[in-house]
Amino acid sequence: MRLEVRHLELVVAIAESGSLRRAAAHLHLTQPAVTTQLRRIERHLGGALFLRSTEGVLTTHTGAEFVRDAKKVLDQMTDVERSARLNARREAGTPFTVGGIPAQQFSLLVDALAAAHPGQEVTSRTVRETGTLTALLGSGELDIAVLRRFPGFPLALPEGVEQRLLLTEPLFVGVAASHRLAGREDVPLAELADEKWVMPDPDDSGMNEFFARVCAAAGFEQSIAHLTTEAHVAFSLTAANRAVCVLYPIGTARDGLATLTLEGNPLYRELVLAWRGDSPIASTVDDLCATVEQRYLCLVATSDVYARWWRRGGADFALPPRTT
């Protein structure tokens, strides 16, 4: 017998799950098959890797060292595979494909990816529909994408697609420059109870439903007078004092509008990076996220209202927890 990658994967799966049954389910094998294979591996190595009990398995000293080394080998194999795929794509002229909603992180991601892989073509497309983006990731038509997620509406990602939170972005409210609340910051949402709203057309992100729930929790029913996906239309209606609108903290020119930040940040969206685990990009996700965050922070400083919100504790709200 000679050890193969599948043998290493089996032993690691048993160690991480703590059970032959759970390892079998993870590997899509039967428990007897896992048991038989483990016995063959242990006979080949000349010692037990696990101690069996009614509650599961525990690694022996030999087993713990084997698992540690096996993980290193598997990580190296993953790196070798991704490097080979990257080189193959370069030789074939296959571009990296980026998708996402039209948020700041989308363009920042495209720039960061191009900088991280000079000489590799990067193509992109903006897509508003969450279901379309996840389907494109699942089919392999996209390597990586920026998606939005609202509380109560989790993302359903295809198998083999991983995700990471980039930012929890507050959503502000735009009012006419002549509005009674213009110039105020940290306004309670309840003070907008009597306002008419202009909102985007409902879509599968759950944004409109989320807004309705938050307004209801603040004690009023949101009154929507206008629906549009065009920002300039929403801004024109708001500047004319016909409605209030949703404002992303960084955006295009907003002549005639004042920006209200909301007390307690009740309205927000989570911006999520999703990528195919089998894409060469997967090995560079940490660096990409760091670059996107650094460049986003530069944009924060360009917005007076957002910069003040950020300094008042907004950074703790917006930035994801650091992992060690």
Side-chain angles (χ1 to χ4, degrees), residues 98-115 124-128 130 133 144-151 164-177 179 181-187 189 197-200 203 205 207 210-211 228-239 244-273 288-320:
V98 182
I101 60 169
Q104 294 293 335
Q105 283 76 5
F106 172 76
S107 57
L108 294 178
L109 175 62
V110 173
D111 291 342
L113 191 57
S124 69
R125 60 184 293 189
T126 57
V127 180
R128 292 182 181 274
T130 301
L133 280 172
I144 193 167
V146 175
L147 299 92
R148 54 183 168 166
R149 181 174 64 201
F150 290 95
R164 177 183 298 185
L165 177 64
L166 285 172
L167 185 81
T168 300
E169 189 172 62
L171 300 179
F172 299 152
V173 176
V175 298
H179 193 278
L181 296 176
R184 289 200 29 203
E185 293 183 346
D186 292 340
V187 175
L189 181 60
W197 289 71
V198 52
M199 291 287 292
D203 56 34
S205 71
M207 176 178 175
F210 168 64
F211 268 57
T228 180
T229 56
E230 301 297 331
H232 70 277
V233 174
F235 294 169
S236 295
L237 291 168
T238 302
V244 300
C245 68
V246 181
L247 284 185
Y248 299 108
I250 301 172
T252 55
R254 300 161 181 186
D255 296 336
L257 301 186
T259 301
L260 307 181
T261 59
L262 298 175
E263 185 179 272
N265 308 311
L267 301 175
Y268 61 91
R269 64 178 181 175
E270 294 177 325
L271 294 167
V272 175
L273 186 69
L288 289 174
C289 288
T291 301
V292 169
E293 180 178 307
Q294 181 181 22
R295 295 182 180 183
Y296 184 84
L297 292 178
C298 293
L299 293 178
V300 171
T302 65
S303 168
D304 292 340
V305 173
Y306 198 19
R308 288 196 299 272
W309 176 90
W310 198 270
R311 291 192 295 268
R312 294 197 309 272
D316 292 334
F317 175 84
L319 295 175

Give, for atom [atom1] of [X] and atom [atom2] of [Y], the distance between the pair rounded to the nearest 0.5 Å.
X    : Y    : atom1 : atom2 : value
M199 : M207 : CE    : CE    : 4.5 Å
R128 : L147 : CZ    : CG    : 14.0 Å
L167 : R269 : CG    : CZ    : 9.0 Å
L267 : L247 : CG    : CG    : 11.5 Å
T130 : D203 : OG1   : CG    : 6.5 Å
L271 : F106 : CG    : CZ    : 13.0 Å

Looking only at heavy atoms, which two atoms of [X] and [Y] are closest? And how far apart?
X    : Y    : answer
A176 : A182 : O-CB, 3.8 Å
E270 : T168 : CG-OG1, 4.0 Å
P170 : P249 : O-CD, 3.2 Å

What pairs of donor and acceptor atoms, side-chain ones from residues 298-306 against any protein atom, are under 3.5 angstrom apart with sequence neighbours left out?
residue	atom	partner	partner atom	Å
T302	OG1	L299	O	2.5
S303	OG	Y306	N	3.3
Y306	OH	Y296	OH	2.9

Donor-acceptor pairs under 3.5 Å, side chain of residues 253-260 to any protein atom, not counting sequence neighbours: which ones?
residue	atom	partner	partner atom	Å
R254	NE	T252	O	3.4
R254	NH1	Y248	O	2.9
R254	NH2	Y248	O	2.6

Holding to ring pair (Phe, Tyr, Trp, His ring centres under 6.0 Å), I want the full list of residues that pass it with F210, two or more places apart in sequence or in another chain.
F150, Y268
Stepwise side-chain contact (heavy atoms from CB on, under 4.5 Å) check, L133 with I101
CA-CA 9 Å; L133 280 172; I101 60 169; 4.2 Å; yes
Could you check R149, Q105, R164 and say which one makes a side-chain contact (heavy atoms from CB on, under 4.5 Å) with V272?
R149
